[in-house]
Number of protein chains: 2
Amino acid sequence: MDEKLALATFGALSNATRLRIVRYLVSAGTSGRPAGEIAQAVGATPSRASFHLTALADTGLVAAERQSRTITYRIDFLAIGELARFLLEDCCQNNETARSCCS
Amino acid sequence: MDEKLALATFGALSNATRLRIVRYLVSAGTSGRPAGEIAQAVGATPSRASFHLTALADTGLVAAERQSRTITYRIDFLAIGELARFLLEDCCQNNETARSCCS
DNA sequence: CTTTCATTTCAATGATTCTTGAAGTATCAC
DNA sequence: GTGATACTTCAAGAATCATTGAAATGAAAG
């Protein structure tokens, strides 16, 4: 993960609505959830949810897949892992204190 | 780490100048660096650096300590570790794919 | 006590991001 | 075809965030 993407990904996670979406999609697992259901789950209008889903998709944190009328969004666990790796390895130079938190 | 702090911390890391400061302070290790030196290292005016250092300190990513005229800023490795933990455990429910990136 | 040095704070401006509601696109069912 | 459903896009305004340069603070030194 390059620095530019890391900055954008941190930005994506710094919004309450988007973080709620991420958590909801994590709980949904690999099957994902349709946009409308996500909007309802996080208490956002369809338009607002779409705005934030697009922002998340732009960073690769979620992937979108159209199935006829519905668009399914799915969390990308690898993208989150890569962000954690960026934080601990690239940024923190593998500092032991930092790493010890999630081992 | 609660969600509110996590949001603020992601926000703190989503700015290029602040990320440069974090990386510079990581390379400085536990002794930290004075504000002026940080400003110079990241190519920011004193005022701009101060603004971003305050933002970082507000989230606990760095700690400030005054020594007579100079103010030393130090990275808090634990805070970064806690953010990584939030990401992998709280957000990702310990998903193995996410965890595998930094093990 | 004045000056200098290191740094912060302030106010103004500019830039980015978020929200809202309306209009648009795509797909299905009739 | 028309109508309904699922979702996105757009434009306008509101809110938040970043940059700048000037003024203020706090601490040492002469």
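Naming convention: chains lettered A, B, ... in sequence-line order (proteins, then strands); numbering from 1 in each chain. Please read all numbers here as calculations on a predicted model, not as lab measurements.
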J.: Want to settle it: does B:Arg66 or A:Arg66 sit nearer the 5' end of DNA chain D, counting the closest nucleotide to each?
T.: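 This one resolves to A:Arg66.
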
J.: Taking only residues two or more places apart in sequence or in another chain, which ones pass side-chain contact (heavy atoms from CB on, under 4.5 Å) with A:Ala44?
T.: A:Val42, A:Arg48, A:Ala49

J.: Just the rounded figure in Å: distance from P of D:dG26 to CD of B:Glu65.
T.: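 Atom-to-atom, B:Glu65 to D:dG26, this comes out as 18 Å.
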
J.: As a test of reading the structure: which of D:dT9, C:dT27, D:dG26 is closest to the side chain of A:Ser68, going by heavy atoms?
T.: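 For A:Ser68, the side-chain atoms sit closest to C:dT27.
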
J.: B:Arg85: which residues meet the salt bridge (charged side-chain N to carboxylate O under 4.0 Å, His left out) condition with it, sequence neighbours left out?
T.: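 By the salt bridge (charged side-chain N to carboxylate O under 4.0 Å, His left out) rule, B:Arg85 matches B:Glu89, B:Asp90.
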
J.: For a quick test of your reading: what N or O donor-acceptor pairs under 3.5 Å do the side chains of residues 33-40 of chain A make, sequence neighbours left out?
T.:
residue: A:Arg33; atom: NE; partner: A:Glu37; partner atom: OE2; Å: 3.0
residue: A:Glu37; atom: OE2; partner: A:Tyr24; partner atom: OH; Å: 3.1

J.: I need the CG-P distance between A:Leu56 and D:dT8, as an integer number of Å.
T.: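 For the pair A:Leu56 CG and D:dT8 P, the rounded distance is 12 Å.
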
J.: D:dA6 phosphate, OP1 or OP2: any side-chain N/O from A:Tyr73 under 4.0 angstrom?
T.: no

J.: Counting primed atoms plus P, OP1 and OP2 as sugar-phosphate and everything else as base, spell out the protein contacts along nucleotides 12-23 of chain C at 4.0 Å heavy-atom distance: B, S or - for each nucleotide, 5' to 3'.
T.: ------BBBBB-

J.: Starting at atom CD1 of B:Ile71, determine the distance to atom C1' of D:dA24, rounded to an integer number of angstrom.
T.: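 Nearest whole value for this atom pair: 14 Å.
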
J.: By side-chain contact (heavy atoms from CB on, under 4.5 Å), which residues pair with A:Ala64, not counting sequence neighbours?
T.: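 side-chain contact (heavy atoms from CB on, under 4.5 Å) list for A:Ala64, sorted by chain: A:Ile71, A:Tyr73.
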
J.: Using a 4.0 Å heavy-atom cut-off, does A:Ser50 contact any base of the nucleic acid, only the sugar-phosphate backbone, or nothing at all?
T.: base

J.: For B:Thr72, give me all partners under side-chain contact (heavy atoms from CB on, under 4.5 Å), at least two apart in sequence or on another chain.
T.: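 side-chain contact (heavy atoms from CB on, under 4.5 Å) check on B:Thr72 returns B:Gln67, B:Thr70, B:Arg74.
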
J.: Tell me which donor-acceptor pairs under 3.5 Å the side chains of residues 96-103 of chain B have, and how far apart each pair is, sequence neighbours excluded?
T.:
residue: B:Arg99; atom: NH1; partner: B:Asn94; partner atom: OD1; Å: 2.6
residue: B:Arg99; atom: NH2; partner: A:Cys102; partner atom: O; Å: 3.4
residue: B:Ser100; atom: OG; partner: B:Thr97; partner atom: O; Å: 2.7
residue: B:Ser103; atom: OG; partner: B:Ser100; partner atom: O; Å: 3.4

J.: Please list, by residue number, the residues of residues 20-43 of chain A whose heavy atoms come closer than 4.0 Å to an atom of DNA chain D; answer none if no residue qualifies.
T.: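 A:Pro34, A:Ala35, A:Gly36 - these, ordered by number, are the residues of the stretch whose heavy atoms sit under 4.0 Å from the strand.
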
J.: Rounded off to whole Å, could you give me the CG-to-P distance for the B:Leu53 and C:dT7 pair?
T.: 10 Å

J.: Which heavy atom of B:Arg18 sits nearest a heavy atom of B:Phe51, and at what distance?
T.: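 That would be NH1-CE2, 4.5 Å.
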
J.: Applying salt bridge (charged side-chain N to carboxylate O under 4.0 Å, His left out), name anything that partners B:Arg69, two or more places apart in sequence or on another chain.
T.: none

J.: Set out, line by line, the N/O atom pairs under 3.5 Å between protein and nucleotides 2-4 of chain D.
T.:
none

J.: Does B:Asp58 have any salt bridge (charged side-chain N to carboxylate O under 4.0 Å, His left out) partners at least two apart in sequence or in another chain, and if so, which?
T.: none

J.: Could you list the residues that satisfy side-chain contact (heavy atoms from CB on, under 4.5 Å) with B:Ala16, not counting sequence neighbours?
T.: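 side-chain contact (heavy atoms from CB on, under 4.5 Å) check on B:Ala16 returns A:Leu7.
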
J.: Can you tell me if B:Ser50 uses its side chain to pair, donor with acceptor, with the backbone of B:Pro46 under 3.5 Å?
T.: no

